[in-house]
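Model, not experiment: these values are computed from the prediction.
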Amino acid sequence: MKVLLLAGGWSSEREVSLKGGEEIAATLRSRGHEVTLCDPAVQFEQLPAIARQHDVAFINLHGKPGEDGLFQAMLDQIGCPYQGSDAHGSILAIHKSLSRLLFREAGLNVPKGAFYPCGSRLNNASEKLEYPVFVKPNTGGSSINLSRVFNDRELDVAMKSLFAIGEDVLLEQAVEGQDISCGVLGDEALDPVMIVCREGFFDFHNKYAEDGAQEICPAPLPAPMLKKIRQAALAAHRALGLTGYSRSDFILQQDGTLYILETNTTPGMTMASILPKEAAVRGISFGDLIEKLLQMGLARAEGR
């Protein structure tokens, strides 16, 4: 097949996207596909014309634009199939504060939080939060520009820093517990991963550095708890109307309470990434995973 691979872009996760794109391109070429690697930051104006020349697209863009539905909508408009969720599901998932509302309606636990559009002032909602508090870009990912603050002064600095770069802000009360991630592939939840940080929390360094967090798959948890996590990942996937695949991140407390943090619609896609590790446990190689995602995208476009 002629595959258009979108990687790079202009979000804060550009470098992560490009690294994954290189592995995906090499894998697809080794399996006989013709691959065009396209960086929207460089080839934005040519993108529709390029897409029309391909059988299917693989979107390996993270953050905004890419996970926000923009390029999904464009590909739908010109009739080029692609893997993963459509624009509708993508925009619901990337807006952390909105997805929290939908998670809550689906019966999932979310940490206490408050949403602040760019430039707004603190209100009574934030007074209900206890320190430490995470200050997050509302549509960001890879823990870029994420802060954990312990007092009002640090909170003010962190919020002003995000407002200065045009970000809306989600405040989320820190929940103590074990970091857990769980992917969904098709209509099935995969085996959860336990993330063990050597120090601190699961920030950018712990996610990507060689001396970062240890990711244990399957998570060494009792079978009933693994089932509970898989059910929660599927519930989140369905609450946002997602298709193809996703990866949800959780905090598991000692008393068994499970909190969902967010759901990613184009999760990291290198052989060392979490979802490919989960697929490998099920006997699905990295190459087979990429092929399966493309085939699911083609089937959806054909109405199958």
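Counting only heavy atoms from C-beta outward, the side chains of Asn264 and Ile94 never approach each other to under 4.5 Å. Within the 4.5 Å cutoff, the side chain of Val193 has no heavy atoms near those of the Cys182 side chain. Two residues are said to be in side-chain contact when any heavy atoms from C-beta on lie closer than 4.5 Å; Val135 and Leu146 fail this criterion. Here the side chains of Pro220 and Met194 are in contact, with some heavy-atom distance below 4.5 Å. When side chains are defined from C-beta on, Leu5 does not count as touching Thr36, because their heavy atoms never get closer than 4.5 Å. Under the 4.5 Å side-chain criterion, counting only non-hydrogen atoms from C-beta, Leu242 is in contact with Thr265. Between Leu240 and His88, every side-chain heavy-atom pair lies at or beyond the 4.5 Å cut-off. Residues Ile59 and Gln83 are in side-chain contact: their nearest non-hydrogen atoms beyond the backbone lie under 4.5 Å apart.
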CA sep, side-chain torsions, deciding dist, call: Cys217, Val281, side chain to side chain contact (heavy atoms under 4.5 Å, CB included): CA-CA 7 Å; Cys217 185; Val281 169; 3.6 Å; yes
side-chain hydrogen bond (donor to acceptor under 3.5 Å, both in side chains) between Arg247 and Thr263, worked out: CA-CA 6 Å; Arg247 194 201 74 230; Thr263 295; over 6 Å; no
From CA spacing to verdict: side chain to side chain contact (heavy atoms under 4.5 Å, CB included), Ile50, Gln46: CA-CA 6 Å; Ile50 295 173; Gln46 296 79 29; 3.8 Å; yes
Chi angles and distances behind the side chain to side chain contact (heavy atoms under 4.5 Å, CB included) call for Leu171, Leu155: CA-CA 9 Å; Leu171 302 185; Leu155 175 62; 3.7 Å; yes
Trace of the side chain to side chain contact (heavy atoms under 4.5 Å, CB included) decision for Ile180 with Leu221: CA-CA 11 Å; Ile180 302 289; Leu221 294 168; 4.0 Å; yes
Stepwise side-chain hydrogen bond (donor to acceptor under 3.5 Å, both in side chains) test for Thr139 and His95: CA-CA 5 Å; Thr139 57; His95 196 290; over 6 Å; no
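Membership of an apolar cluster is not assigned to Val42, as no side-chain contact below 4.5 Å to another ILVMFWY residue is traced. Hydrophobic side-chain contacts under 4.5 Å tie Val157 to no other Ile, Leu, Val, Met, Phe, Trp or Tyr residue.
Note: Leu102 CG to Arg238 CZ = 15.5 Å, rounded to the nearest 0.5 Å.
Around atom CD of Gln77, no more than 12 heavy atoms belonging to other residues, nucleotides or ligands sit under 6.0 Å away. Around CD1 of Ile91, the count of heavy atoms belonging to other residues, nucleotides or ligands within 6.0 Å does not exceed 12. Within a 6.0 Å radius of NZ in Lys2, more than 12 heavy atoms belonging to other residues, nucleotides or ligands are found. Residue Asp187 places its CG atom among 12 or fewer non-hydrogen atoms of other residues, nucleotides or ligands, all under 6.0 Å distant. More than 12 heavy atoms of other shown residues, nucleotides or ligands fall within 6.0 angstrom of atom CD in Gln53.
At least one donor-acceptor pair under 3.5 Å links the side chain of Thr266 to the backbone N or O of Leu61. Side-chain atoms of Gln72 come within 3.5 Å of backbone atoms of Gly66 as a donor-acceptor pair (strictly under, hydrogens ignored). The closest donor-acceptor contact from the side chain of Asp255 to the backbone of Thr257 lies under 3.5 Å. For Arg300 (side chain) and Tyr82 (main-chain N/O), a donor-acceptor pair under 3.5 Å exists by modelled atom type. Between the side chain of Asp179 and the backbone N or O of Val196 there is no donor-acceptor pair closer than 3.5 Å. The closest donor-acceptor contact from the side chain of Glu23 to the backbone of Met271 lies under 3.5 Å. Within the 3.5 Å criterion, the main-chain N or O of Asn60 finds a donor-acceptor partner in the side chain of Ser17.
Listed by first and then second residue, the salt bridge (charged side-chain N to carboxylate O under 4.0 Å, His left out) pairs involving residues 47-74 amount to none (not counting sequence neighbours). Legend: ring-ring contact (aromatic ring centres under 6.0 Å, His included) pairs involving residues 235-255, not counting sequence neighbours: none detected. Within the structure, the side-chain hydrogen bond (donor to acceptor under 3.5 Å, both in side chains) test picks out the following pairs touching residues 166-177 (sequence neighbours left out): Arg100-Glu172, Lys136-Glu172. Within the structure, side-chain hydrogen bond (donor to acceptor under 3.5 Å, both in side chains) pairs that include any residue of residues 102-111 do not occur (at least two apart or interchain). Residue pairs meeting the salt bridge (charged side-chain N to carboxylate O under 4.0 Å, His left out) criterion with at least one partner in residues 273-286, sequence neighbours excluded, are Glu188-Arg282, Asp191-Arg282, Glu215-Lys277. Identified under the salt bridge (charged side-chain N to carboxylate O under 4.0 Å, His left out) test for residues 29-48, with sequence neighbours left out: Arg14-Asp39, Arg31-Asp288, Arg31-Glu291. Listed by first and then second residue, the salt bridge (charged side-chain N to carboxylate O under 4.0 Å, His left out) pairs involving residues 73-95 amount to none (not counting sequence neighbours). Evaluation of the ring-ring contact (aromatic ring centres under 6.0 Å, His included) test over residues 5-30, restricted to residues two or more places apart or in two chains, returns Trp10-Phe44.
Across every non-hydrogen atom of Ala174 and Phe134, the tightest pair is CB-CE1, 3.7 Å. Among all heavy-atom pairs drawn from Tyr131 and Val149, the shortest one is CD2-O, 3.6 Å. For the residue pair Ser97 and Phe115, the shortest heavy atom distance occurs at OG-CD1, 3.2 Å. The two residues Gly69 and Ser90 come nearest to each other via the heavy atoms N-CB, 3.6 Å. Smallest separation of non-hydrogen atoms from Ser99 and Ala93: OG-O, 4.0 Å. Counting all heavy atoms, side chain and backbone alike, Phe71 lies closest to Pro40 at CZ-CB, 3.6 Å.
Under the 4.5 Å side-chain contact rule for hydrophobic residues, Met269 and Val56 share a cluster. Cluster membership check: Leu129 does not share its hydrophobic cluster with Val175, using side-chain heavy-atom separations under 4.5 Å among Ile, Leu, Val, Met, Phe, Trp and Tyr. In the hydrophobic clustering of this structure, Leu298 groups with Val35; members are Ile, Leu, Val, Met, Phe, Trp, Tyr whose side-chain heavy atoms approach within less than 4.5 Å, directly or through other members. Following chains of ILVMFWY side-chain contacts shorter than 4.5 Å, one cannot reach Leu162 starting from Leu170, and the two form parts of different hydrophobic clusters. The hydrophobic clustering, which links ILVMFWY residues whose side-chain heavy atoms are closer than 4.5 Å, places Ile229 and Leu108 together.
If you check the side chains of Ser273 and Thr270, you find a donor sitting under 3.5 Å from an acceptor. Inspection of the His62 and Ser11 side chains reveals no N or O donor paired with an N or O acceptor under 3.5 Å.
With sequence neighbours left out, Ala280 forms a side-chain contact (heavy atoms from CB on, under 4.5 Å) with no residue at all. With sequence neighbours left out, Lys112 forms a salt bridge (charged side-chain N to carboxylate O under 4.0 Å, His left out) with no residue at all.
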